[in-house]
Amino acid sequence: GRLVEADQREIHAAERGRLRAVERVVISRRMRPRRVERAVAGAGLVQWHEDLPPRLLAALAEALADRPEVQLYYNGFAETPPLEGFEHLERVTLNMRDLKSLEPLAGFTSLRSLGIGPTVARLDLSPLTAHGSLEHLSLPGRVSRPQALRSLPRLRSLGGSALQPL
């Protein structure tokens with residue numbers, strides 16, 4: 001609604017060079033790939049909630065290549081999140097009702113914060129064992145193999161309804 005429209009106005013203003021920094025940027029499929037770098041220049045969080053063309057995703061990944069601190073927020077209906085090229089990011093939030101697996105996160109090298117929204121499927125947490133740098137985890141939804149979390153030495157905060165007995 002209004003929040004998305006406001007973000008889109010900020011993006012368009014950033015594209016025209018009117019804004020110096022934007023804390024949160026919503027990427028839409030109408031954005032031109034050559035404008036992405038300037039649009040996300042000051043962002044602390046980059047999100048999208050629609051299928052983006054591969055060229056636009058590639059431009060976004062390239063724009064964030066030297067910015068591992070930027071949080072990626074994907075809100076979509078796919079079973080698999082479009083994460084290729086973003087493996088260097090430290091903070092990821094996936095709000096995907098149809099998410100089937102955490103395997104797409106396997107390539108992430110320095111994941112520190114992960115948020116997973118409610119899902120229909122019961123998510124196997126064993127792929128998280130490869131993420132020893134994980135400090136913050138939110139798992140609202142159904143999970144299996146919660147014992148996998150014991151292998152995360154840096155985990156400081158754990159939240160969400162997944163903490164209920166299985």
Exercise answer: donor-acceptor pairs, residues 59-69 side-chain atoms, under 3.5 Å, sequence neighbours excluded:
from: Arg67; atom 1: NH1; to: Val40; atom 2: O; distance (Å): 2.7
from: Arg67; atom 1: NH1; to: Ala41; atom 2: O; distance (Å): 3.3
from: Arg67; atom 1: NH2; to: Ala43; atom 2: O; distance (Å): 2.6

Name each donor-acceptor pair under 3.5 Å that joins a side chain in residues 71-79 to protein atoms two or more places apart or in another chain, with its distance.
from: Gln71; atom 1: NE2; to: Thr93; atom 2: OG1; distance (Å): 2.7
from: Tyr73; atom 1: OH; to: Asn95; atom 2: ND2; distance (Å): 3.4
from: Asn75; atom 1: OD1; to: Asn95; atom 2: ND2; distance (Å): 3.3

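Judged as a side-chain contact (heavy atoms from CB on, under 4.5 Å), and not counting sequence neighbours, Pro54 has no contacts. Remark: Leu152 pairs with Leu134, Leu149, Leu155 by the side-chain contact (heavy atoms from CB on, under 4.5 Å) rule, at least two apart or across chains. Asp124 is linked by a salt bridge (Lys or Arg N to Asp or Glu O under 4.0 Å) to Arg145, counting only residues two or more places apart in sequence or in another chain. Residues passing the side-chain contact (heavy atoms from CB on, under 4.5 Å) test with Thr109: none are found, sequence neighbours excluded. Checked against salt bridge (Lys or Arg N to Asp or Glu O under 4.0 Å), Arg156 has the following partners two or more places apart in sequence or in another chain: Glu135.
Atom CZ of Arg150 is surrounded by 12 or fewer heavy atoms from other residues, nucleotides or ligands within 6.0 Å.
Evaluation of the ring-ring contact (aromatic ring centres under 6.0 Å, His included) test over residues 110-155, restricted to residues two or more places apart or in two chains, returns none. Screening residues 80-123 for ring-ring contact (aromatic ring centres under 6.0 Å, His included) gives Trp48-Phe86 as the qualifying pairs, with residues at least two apart or on separate chains. Contacts classified as salt bridge (Lys or Arg N to Asp or Glu O under 4.0 Å) and involving residues 85-105 (residues at least two apart or in different chains) are given here: Glu90-Arg112.
To the nearest 0.5 angstrom, Leu123 atom CG is 5.0 Å from Leu102 atom CG.
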